[in-house]
Structures are given as structure tokens and as C-alpha cells.
Amino acid sequence: MKYNFNEIEAKWQKYWAENQTFKAENNSDKPKYYVLDMFPYPSGAGLHVGHPLGYIASDIYARYKRHKGFNVLHPQGYDSFGLPAEQYAIQTGQHPAITTEDNIKTYRRQLDQIGFSFDWSREVRTSDPKYYKWTQWVFIQLFNSWYNNDSDKAEAISELISIFEKEGNVTVDAACDDTVEAFTAENWNGFTPEEQQEILLKYRLTYLAETEVNWCPALGTVLANDEIVNGVSERGGHPVVRKKMTQWSMRISAYAERLLQGLETIDWTDSLKESQRNWIGKSVGASVTFNVIPTERHTERSRSASDEESNDEMLNQVQHDKENCHSALDAESTCHKIEVFTTRPDTIFGASFMTLAPEHELVSQITTPEQKAEVDAYVEATAKRSERDRMADVKTISGVFTGAYAEHPFTKEPIQIWIGDYVLASYGTGAVMAVPCGDQRDYDFAKHFGIDIPNIFEGVDISEEAFADKDNTIIANSDFINGMNYKKATKRVIYELEQLGQGEGKTNYRLRDAVFSRQRYWGEPFPVYYKNGMPQMIDVEHLPLELPEVEKYLPTETGEPPLGNATKWAWCTKTNTVVSNDLVTLSAVEGSQDNGVYPLELNTMPGWAGSSQYFNRYMDPQNDEAIFSQEAINYWQQVDLYIGGSEHATGHLLYSRFWQKFMFDLGLVGHDEFAKKLINQGMILGTSAFVYRVEGENKFLSKGLIDGQNVQPIHADVSFVNSSDELDIEAFKNWRPEFKDAEFVLEDGVYKVGRDVEKMSKSKYNVVNPDNICAQYGADSLRLYEMFLGPLEQYKPWNTAGITGVHSFLKKLWKLYFDDNGLKVTDVAPTKDNLKTLHKTIKKVEEDIENFSFNTSVSTFMIATNELTAQKCTSKEILEPLLVLVSPYAPHIAEELWSALGHTESISTADFPIFEASHLVESSKEYPISFNGKMRFKLELPLDMSKEEIEKTVMAHERTQAQLQGREPKKVIVVPGKIVNIVG
RNA sequence: GCUGAAGUGGUGGAAUUGGUAGACACGUUGGACUUAAAAUCCAAUGGCCAUUAUGGCCGUGCGGGUUCAAGUCCCGCCUUCAGUACCA
């Protein structure tokens with residue numbers, strides 16, 4: 001009987017589907033195990049061989065865990081909202097739902113043909129209203145919550161309201177907007193409902209705010225930071241500009257510290273954790289407030305300073321200024337304060353100037369009339385430069401003196417205030433105290449503009465560059481912290497600043513709140529309507545709020561998002577239904593009665609909304625009453641193994657952790673991390689093929705002939721090339737008309753192509769479709785080969801030529817069970833060698849799977865098959881358990897042979913064979929005998945031989961004597977069971 | 001610049017606590033079968049030198065070091081890939 005893989009694979013895929021073999025129950029006597037893949041966006045291009053890599057790995061693990069007696073949850077679904085379907089709709093008018101449905105069909109067919117053990121009964125699609133109902137629900141929960149820094153968790157907004165009613169907001173320590181002002185209970189109770197709502201919005205975990213966003217004009221939408229690569233949009237490569245817009249935001253910054261600390265508790269790769277740490281960007285230091293010296297006072301003083309009058313007088317003057325600040329109310333003498341953040345408060349006595357970002361709000365207010373023209377010009381020039389320009393041009397030092405001075409908090413000396421574009425408005429407070437001796441950028445700036453560089457480090461030379469090594473420093477020239485190290489000095493400075501009321505210890509995070517609005521059609525609608533301009537949530541019981549139909553998927557002519565095209569997109573609060581826009585209350589304009597109909601939100605949610613809780617929804621995907629039942633979450637708890645690409649490091653994987661922590665705070669999930677272990681699969685690259693066209697001619701030179709020739713490499717489709725890099729010239733000629741009459745210069749009778757490893761992409765003609773591989777070699781070969789290519793996490797090139805290796809392995813495996821006369825497996829007792837091969841294989845494969853070293857177990861299978869073939873093994877006692885070992889990797893052939901051995905149940909229910917060490921016990925060892933560390937020959941010796949005897953036997957051996965040539969060895973090292981080394 | 005990962009034959013890669021470097025494949029070469037091809041099977045295959053079978057030298061990015069013994073450990077470099085970037 002022949003190994004007919006196409007027939008076998010179709011048969012078992014059908015069997016698994018019909019018998020729901022991989023359906024997981026939400027309770028079981030077995031221990032649970034949850035294996036998750038990052039669900040795909042169903043793109044129109046379908047899958048290429050790179051896509052299933054992670055799915056194959058997770059499938060092997062899931063199948064292995066089933067053999068090991070676990071109740072395994074291994075679901076799959078689609079992240080089906082997204083831009084490509086919308087772009088297609090814009091071009092063709094086809095509804096994105098239809099495009100998406102078609103694409104999903106293709107994906108499903110392609111996934112099915114690879115033989116995954118997914119529980120498809122739990123499929124979710126983010127664009128399905130039954131699913132996004134719960135995305136909207138989470139949004140409402142976030143809206144109804146605030147972050148209490150005292151309890152360090154999210155709490156109900158209703159509790160916050162009752163605190164405000166009783167105590168105002170002064171006792172509340174919340175993660176909230178900076179612009180919140182203090183109010184008392186009386187104040188609160190006196191506010192209008194609109195005023196109250198406006199204040200509450202500054203506390204909610206999702207809030208509306210005017211934010212500076214990344215606006216992509218070409219796409220007509222806002223992009224998140226992680227959707228921008230090198231200053232242009234990730235999709236399409238369009239330019240991105242900064243723009244102020246009112247947008248929904250997520251207060252992820254409230255969770256910065258917990259997101260950072262949580263990394264310690266999860267088994268994710270170091271590089272991924274490091275990416276998240278950098279993204280969160282925690283810096284510990286102090287905030288320091290510098291008082292700006294009012295202009296007229298300063299002018300007076302600079303005159304007196306130049307006259308070298310006494311310090312006392314200056315101090316008096318400053319004292320006077322200070323008092324003035326407290327009492328002065330007239331605009332002229334308003335005392336400005338500049339708050340800075342520093343990680344090095346210990347260097348404060350080295351601060352010889354300050355720098356503000358050009359966009360800093362104080363710039364226009366403190367600039368002196370003499371400097372105004374120059375400052376304005378600089379501010380304008382900076383604003384014109386794009387972020388990209390500024391990034392590319394790091395080396396140029398630029399800045400302008402504002403003419404204003406700030407007062408050093410301790411020395412009370414005036415220090416110059418400059419503006420410079422090396423200070424970023426978006427980080428910290430947009431202002432720095434510049435310490436040129438301790439920071440290279442400040443140093444360069446000071447050198448460039450001839451500003452003082454006082455040295456506050458003991459015994460350190462700063463004539464060439466700044467000294468930033470804080471651990472090996474003793475502070476000098478710094479008043480009360482002289483002689484202290486970094487740690488002590490920092491503590492003391494913070495203490496003194498607090499005494500002055502001019503600073504405190506502070507921790508700063510780089511992590512920004514996440515903009516949550518997108519100006520797109522194909523995303524989740526917000527469950528939000530606007531009453532008097534204030535956002536209101538639709539009651540949960542009326543969800544989902546489904547996407548409206550629109551005629552056009554582009555932004556409206558007035559610049560509103562695509563949902564602005566919908567004519568039926570208003571919310572009637574009486575019927576709790578979506579109604580026509582015509583019915584919207586016009587009270588504000590015409591004084592008419594409020595009829596309870598209000599406009600709905602026009603933005604939709606971003607791509608990551610739907611993927612931030614999907615892993616929990618899989619636990620109970622059909623539940624209509626709750627996002628998931630408590631029974632389901634208590635049973636499955638969290639993802640045990642998550643496999644996916646590292647490109648989601650700071651997007652999906654951070655947002656999901658944030659939502660999970662929020663769900664934890666609400667008491668809905670038992671773990672505040674959703675995935676215990678995470679593995680990033682590496683990318684599979686393409687092996688591109690090149691032909692070489694002679695410049696200016698329609699003539700191609702074979703690879704070996706191009707040296708010194710003026711040729712242009714052109715991508716040829718990889719399907720035209722065989723395993724020996726020879727081009728199918730006819731196929732190539734027929735590929736495109738311009739090659740029809742091309743001339744080919746051959747070497748050794750063939751045309752050889754050049755090869756190079758590149759990312760798989762259509763434009764490089766190196767994309768390999770799994771459909772073709774499955775048809776030609778079978779899914780089991782595809783699965784084995786993907787694993788055999790190399791370590792899971794590594795980037796590695798695909799070369800279809802190599803698949804014949806694993807394919808012929810499967811044929812050899814088949815031949816262990818079948819020959820021309822049919823099944824040849826017998827009940828004959830296994831030999832010692834048979835058992836040794838089997839148990840060696842069990843041990844290795846089990847270890848490999850536990851270590852996710854799938855490539856090496858494929859080798860192990862090959863070795864086992866080669867050995868058993870050589871041993872002419874037909875023993876069922878060996879060949880039956882062997883199938884269970886192979887089954888996670890090549891499930892179809894395993895099922896087929898398993899049933900041929902007489903089993904009626906799927907092999908997936910079989911127990912994993914148990915390793916017995918007794919079969920591997922050896923009585924002798926072939927010792928490598930080395931001289932000065934170099935192996936020269938081998939010697940078979942009994943393993944129970946003593947060290948002394950081994951030495952004696954080896955030394956007596958003729959080849960040892962031949963090696964030594966009469967020399968006396970200095971030393972003989974004998975490691976029993978391992979090696980003998982003779983030194984001399 | 002910083003952070004992380006990695007550099008091993010013609011290629012993908014293996015070597016689990018320092019102990020026989022190159023497992024397993026691809027490719028290549030030679031052979032068997034065949035009219036031929038495919039498929040299958042057998043043999044060789046890190047480089048250099050020598051050759052009568054026995055052998056010798058070099059070899060895991062580079063330079064040092066530790067050790068009886070280093071791909072593996074330590075120090076200093078180089079290169080590649082990825083992330084991040086004037087983060088105060």
C-alpha cells in the first residue's frame with residue numbers, strides 16, 4: 001500500500017470536524033491547559049507558508065498536552081475589523097463585511113487543510129456584533145471607573161461621586177487629568193450637572209480630551225504611536241502630522257507601575273519584557289520648581305551684579321521678589337514658575353541654565369522684548385520642521401536665549417532661560433534644568449553657546465565631555481551635599497526642596513495615555529451619544545450598538561469620520577433604538593422641546609480594542625448574558641501558553657495586559673496577567689531568485705558568468721527554479737511578454753539563478769503558498785518541514801527544495817507499517833535494540849516538546865525511523881507507541897496508521913508513552929581517548945571499570961604507545977563514562 | 001547611542017551541566033535500477049596535506065585568558081538582525 005497523503009489528510013480532517021474531536025468542555029476531571037495563538041487578520045492575500053509557523057508549534061503543544069492527559073483549550077478566531085477591507089470598500093463600494101466574510105472563508109479552508117486541532121465551536125470574530133457587544137461593554141466599564149492611587153486599583157465612578165459630595169476632591173489621590181482644580185463638597189454640590197460631568201471626565205479611565213494626535217491625511221484617520229513606523233503610517237507608508245483633536249483616550253498611564261511590576265511575574269521573553277519596560281519608560285528622580293525672576297527686577301539686578309555688589313543685597317532682592325510673587329496679582333509682575341523633572345537632583349548645583357521646549361507655554365510670556373524677534377523666529381522654524389526632520393538632524397545644536405532668568409532654588413543665583421529643540425514638549429514637563437557637567441546634551445549646548453560649565457564632581461575632568469557615571473561620583477562645590485555620593489545627595493536635595501516647597505521626589509513615565517478614537521468605518525462603534533455636548537453611555541442592556549449602513553466609506557465633505565455619512569445614526573433614549581438623524585433634538589438652535597433623540601458618536605474604536613479581551617471570551621464565547629461566566633473563567637483562569645509575533649510587543653500585548661488588570665480590579669478575572677507564558681515565533685523569510693540581465697540588452701547571464709559584467713539583477717518567481725537553482729527558462733519566458741524573446745547564456749548547459757534571503761512579499765516573487773505545498777507533499781510534510789527549518793523563535797529562510805527530506809521520512813515511516821502486501825506489523829516481541837530506539841526517542845521528544853525545541857525532535861524521528869528500518873522492526877509493541885510520539889507533528893499519518901493497527905478511537909485520546917530508563921542502560925562505553933585534548937582514537941571499555949583500571953588499560957594500548965612515542969605522560973585524566981585525556 | 005538576540009561546512013541547522021565539533025536534512029559527486037526520466041536504494045562529502053590500509057595539520061566572527069579539556073566560561077573587540085531613540 002502506498003502512502004496516499006492527500007486522501008488520508010482529507011479523510012481525517014473530515015473525521016475531526018464531524019466528531020468534534022477537539023471540542024473542549026468547560027469542566028473536566030483532567031487538569032486544564034490553555035494554548036492560544038494570536039488570531040489572524042483575514043487579509044485578502046490569504047496565507048503564505050510563513051503564517052502557520054506559530055500555529056503549527058502551538059498545535060503540536062496542544063496535541064502533546066492532550067496525550068499527557070490535559071483538558072486542552074485551543075481556540076481560533078479572526079481579528080476581522082481593519083483597514084484593508086475598508087480601503088477595498090472605498091475603492092469598490094463592496095461592504096467590508098462581505099469582503100471580510102470572503103477572506104475568512106479562504107483562511108478557514110487554508111487552516112483546515114493544515115490539520116490544526118482547533119476547537120472551532122468557540123470561534124470569535126471581532127467584527128461580529130455578538131462579539132463586539134462585549135468590547136463596547138468593556139468600554140462602558142472603563143468609562144464608569146476611575147483609578148484610585150491609594151488603593152492602587154480601579155474603582156466605580158459612583159463611589160468617587162459620593163466622595164465629592166461629602167469631601168470634595170482634596171482627599172482623593174487619583175490618576176487624573178493635570179488640569180483638575182481643587183474643590184470642596186459645597187463647590188461640587190453647587191456645580192451644574194454639565195460642570196460635574198466635565199470634571200468626572202477628567203477622572204474616568206476612558207475619557208474625551210483634546211489631545212495632540214498623529215493625523216494621517218492620506219488615510220483620513222488618527223494613528224497610534226505603534227501604528228507609525230519611521231514617521232510614516234505602518235499601513236501604506238503615508239506621512240503623519242501632529243494635530244489637536246478631541247478624542248477618546250484610555251488612561252493606561254494609571255497602570256504604568258503595575259504593568260511594569262507585572263512583567264516580573266510572567267514567563268515572557270526577555271526581549272519582549274525589555275521592549276515593554278522601555279515603552280513604559282520609568283525614571284525616578286525629582287520635580288523641581290524654578291521661579292522666573294520678573295523682568296524689571298532682573299534688569300536692575302544684572303546691573304548690580306555686574307557692579308559686583310554684595311551677595312546679601314541680591315538675596316534680599318530675591319526675598320523681596322518672592323514676597324512679591326505671593327501678593328502680586330497684576331499681570332505685569334505675575335511670577336512664573338517652571339517645573340522640571342530630573343533624574344539627577346544631586347547635580348542641581350551644577351545647573352547653570354535652563355532649557356524649555358520651543359512649544360512650552362511659558363515661552364511667549366517670559367521672553368524679553370529684546371529677544372522676542374529671535375525667539376519667535378526660532379519657535380516658528382521649529383514648528384515647521386516635521387518630527388522626522390528633527391529626528392534625522394540630531395547633531396545640529398540650536399537654541400535661543402529668552403532674555404529671562406530663573407532663580408536657582410538653593411544658591412538663589414539667576415540662571416539664563418533658553419529654548420532649544422533638544423528638549424521635547426511631549427516628555428516630562430517640556431523643560432529641563434541644564435547641568436552641562438553631567439549631561440552630554442547640556443554640555444554640548446553650553447559649549448556651543450558659551451554658557452558656564454561649573455564642575456561639581458570631585459576629581460573629574462570635564463574639559464572634553466560631560467561626566468554621567470553617577471555611581472562613581474563624589475559631589476563637590478555643592479554647598480550642603482559636598483562630599484556625598486549620588487544616593488545620599490539625591491535624598492538630601494529632595495528633602496531640602498520639600499522644605500522650600502520647590503520640589504519633591506517624583507517618578508516619571510514615558511507611557512502616554514492611548515488615543516482610542518479612529519476616523520474609520522470598519523471598527524467597533526462607541527456605545528456613546530451626546531447630550532448637550534456631553535458624552536452619555538448607552539445602557540448595557542441595549543448593546544450591541546451595530547454599525548450603521550453608509551453609502552460612502554470615506555470621511556464626509558465636512559471632514560467628519562465615515563459614520564458621518566450615515567443618515568440613521570441617532571439614539572432615541574425613549575425607545576432605546578437607533579433612529580434617523582432628522583429626529584435629533586434641535587433645542588439648542590430653535591428652543592424646541594427635547595424629544596430625547598441625540599446624535600451618536602462618529603468615531604470607531606481602534607484595532608486593538610477587539611483583541612484586548614478575546615482570550616477570555618474564548619472561554620465562554622456564546623454567552624449572551626456576560627462577557628464570560630464566572631464558572632468559565634474560574635475553570636480556565638488564564639492562557640498557559642501564548643504564541644505570536646514580536647511585532648505586537650508594545651501594542652496588543654501591552655493593551656491586553658492593561659485591560660486584564662482593569663478586569664481584575666473589577667473582580668471579573670482571577671489573574672491580573674492574562675498569559676503565563678509567551679513565545680514569539682520568528683519570521684519565515686523567502687529565498688528570492690535572481691536572473692541577471694545584461695544592461696541595455698534582452699540577454700540573461702547565468703549566475704556563474706556575471707563577474708565583471710554590467711548586469712542588472714531581476715527577481716524571478718521562485719516557482720520557476722528547481723532544487724539545484726536551475727531556472728525553467730520556458731516558464732520564465734512565458735511569465736511576461738518582455739522576456740518572450742530573451743536570450744539566455746548558460747553554464748554547463750543550464751541557467752543558474754542567484755539567491756538571496758528577503759522578507760516574503762509579492763513584489764519579490766518569493767511567496768510560497770501552503771496550498772501548493774499541501775497538494776504536492778501533504779499537510780504533514782508542511783508541518784514537519786516548518787518545524788525542521790530551525791528553532792521556533794529564530795528568523796529563518798524558507799526553501800521549498802528542502803521539503804523532500806521530511807517528505808521521504810514520512811514515506812519511510814509508512815513503510816515500517818506497510819509493504820506491497822499490506823500491513824506488516826506483528827505481535828512479535830521487540831528486541832533490545834528496538835526498545836532502546838523507542839525509549840531513546842520517547843525521552844528526546846518529550847524533552848524537546850517541553851523546551852519548544854521542535855526542530856530537533858523531527859531529526860529524532862528520522863533517526864528512529866532509520867534505525868527501526870535497519871533493525872527490520874515489525875513489533876507492534878514498538879510501532880504503536882511510536883505513532884503517539886509522531887502524532888502531534890504529523891497527525892494525519894499517525895491517525896491513519898493508528899486506525900490500521902485496529903484502533904477505533906482517534907489517536908488524540910491515546911496516552912503519551914512512558915519512558916523507561918532501563919532500556920537505555922549500557923554495559924560498556926566507547927571511550928574517546930584524547931591526547932592534550934584532541935581525540936585520537938576510541939576504545940570500548942566496560943562502564944563498571946574503575947578509574948585505575950581504565951588508565952592501566954588505556955596506557956597499555958598499542959595506539960597510546962604509538963601516540964606517545966616513548967614520552968612519559970605528565971598526567972592522565974579519566975572521567976568514567978565520559979572521556980580519557982592524556983597530557984604530555 | 002542604548003537595549004535585546006545572534007555569528008558553527010556550499011545551505012538550513014545539531015552539540016541539554018565545559019568532555020568525540022558538524023547530528024539530522026538539503027545540495028553536490030560517484031554508483032545501482034531504468035530505453036530514459038521520476039521515484040527508490042548504496043557510497044562519499046568541513047578545509048588543506050599526505051597516501052600502502054595506518055595518518056598529519058588547521059578549523060565554531062576576531063584577539064587574549066582560565067582549564068587536563070572551550071562552540072560552550074571570563075576580558076576586550078568586530079559584524080549582522082530586531083526594538084528604541086535628543087526620555088532630562
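All figures in this text were calculated on a predicted structure; none of them were measured in a lab. All chains are named by letter (A, B, ...) in the order of the sequence lines, taking the proteins before the strands, and each is independently numbered beginning at 1. Values below: all heavy atoms of this structure, side chains included; hydrogens, waters and symmetry mates excluded.
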For atom P, what is the distance between rU11(B) and rG27(B), given to the nearest Å? 15 Å
Nucleotide nearest Asn866(A) (side chain, heavy atoms from C-beta), chosen from rC26(B), rC68(B), rA25(B): rA25(B)
5'-most contact on RNA chain B: Asp848(A) or Val432(A), nearest heavy atom basis? Asp848(A)
Any side-chain N or O of Asn799(A) under 4.0 Å from OP1/OP2 of rC26(B)? no
Just N and O in the side chain of Gln794(A): are any of them under 4.0 Å from OP1 or OP2 of rG13(B)? yes
Minimum-distance nucleotide to Tyr427(A) side chain [options: rU20(B), rG83(B), rA88(B)]: rA88(B)
Give a yes/no on whether any side-chain N or O of Arg277(A) is located under 4.0 angstrom from OP1 or OP2 of rU84(B). no
Are side-chain heavy atoms of Thr687(A) and Val718(A) found at a separation under 4.5 Å? no
Rounded to whole Å, how long is the line connecting atom CD1 of Ile803(A) with atom P of rG12(B)? 18 Å
Would one find a side-chain N or O of Arg936(A) under 4.0 angstrom from OP1 or OP2 of rG55(B)? no
First of Asn981(A) and Ala431(A) reached from the 5' end of RNA chain B, by closest nucleotide: Asn981(A)
For rU40(B) and Lys811(A) - does any side-chain N or O of the residue sit under 4.0 Å from the phosphate oxygens OP1/OP2? yes
Nearest to the side chain of Lys938(A) - rU20(B), rA15(B), rG56(B)? rU20(B)
Among rU40(B), rU84(B), rG12(B), the one nearest any side-chain atom of Lys796(A) is rG12(B)
Out of rG19(B), rC24(B), rG12(B), whichever nucleotide has its closest atom nearest the side chain of Lys978(A): rG19(B)
Please tell me which of the listed nucleotides, rG19(B), rU40(B), rC86(B), lies nearest to the side chain of Lys815(A)? rU40(B)
How many Å lie between CG on Asn932(A) and P on rC57(B), as a whole number? 11 Å
From rC58(B), rA85(B), rC24(B), nucleotide with atom closest to Ile863(A) side chain: rC24(B)
Against the side chain of Glu274(A), the closest entry in rC68(B), rU40(B), rG4(B) is rG4(B)
Salt bridge Glu264(A)-Arg277(A), side-chain N to carboxylate O under 4.0 Å: yes
Phe818(A) atom CZ is separated from rU40(B) atom P, nearest whole Å, by 19 Å
Just how far, in rounded Å, is C1' of rG4(B) from NZ of Lys273(A)? 13 Å
Nearest-angstrom distance from the residue atom CG of Leu685(A) to P of rG13(B): 10 Å
Decide yes or no, distance alone: a donor-acceptor N/O pair under 3.5 angstrom between the base of rU16(B) and the side-chain of Glu847(A). yes
When we call it a touch if two heavy atoms are under 4.0 Å apart, what does Ser859(A) touch: a base, just sugar-phosphate, or nothing? base
Does rA88(B) have OP1 or OP2 sitting under 4.0 Å from an N or O in the side chain of Ser283(A)? yes
Rounded interatomic separation in angstrom, taking OH from Tyr795(A) and P from rU80(B): 17 Å
Tell me, which stems hold RNA chain B, with a stem being 3 or more Watson-Crick or G-U pairs in a row and both distances under 3.5 Å? B:1-7 with B:78-84, B:10-12 with B:24-26, B:27-32 with B:40-45, B:46-49 with B:55-58, B:61-65 with B:73-77
Assess the pair Tyr3(A) and Phe5(A): is the distance between their ring centroids shorter than 6.0 Å? yes
Please determine whether a side-chain nitrogen of the Lys or Arg among Lys703(A) and Glu747(A) lies less than 4.0 Å from a carboxylate oxygen of the Asp or Glu. no
If you round to the nearest 0.5 Å, how far is NZ of Lys840(A) from CD1 of Ile863(A)? 7.0 Å
Would one find a side-chain N or O of Arg512(A) under 4.0 angstrom from OP1 or OP2 of rC87(B)? no
Asp421(A) CG to rC87(B) P, in whole Å, measures 13 Å
Which nucleotide in the set rC87(B), rC86(B), rA25(B) lies at the smallest distance from any side-chain heavy atom of Lys812(A)? rA25(B)
Examine rU28(B): is either OP1 or OP2 under 4.0 Å from a nitrogen or oxygen in the side chain of Ser724(A)? Give yes or no. yes
Distance check needed: rA82(B) P versus Met683(A) CE, whole Å only. 9 Å
Between the side chains of Lys843(A) and Glu847(A), is the shortest nitrogen-to-carboxylate-oxygen separation below 4.0 Å, so that they form an ion pair? yes
Testing Tyr785(A), Phe809(A), Phe861(A) for ring pair (Phe, Tyr, Trp, His ring centres under 6.0 Å) with Tyr889(A), which one passes? Phe861(A)
Taking the inter-plane angle between the rings of Phe915(A) and His839(A) on a 0 to 90° scale, is it parallel (under 30°), tilted (30 to 60°) or perpendicular (over 60°)? tilted
Go through rG19(B), rU84(B), rA15(B) for me and flag the one nearest to the Thr856(A) side chain. rA15(B)
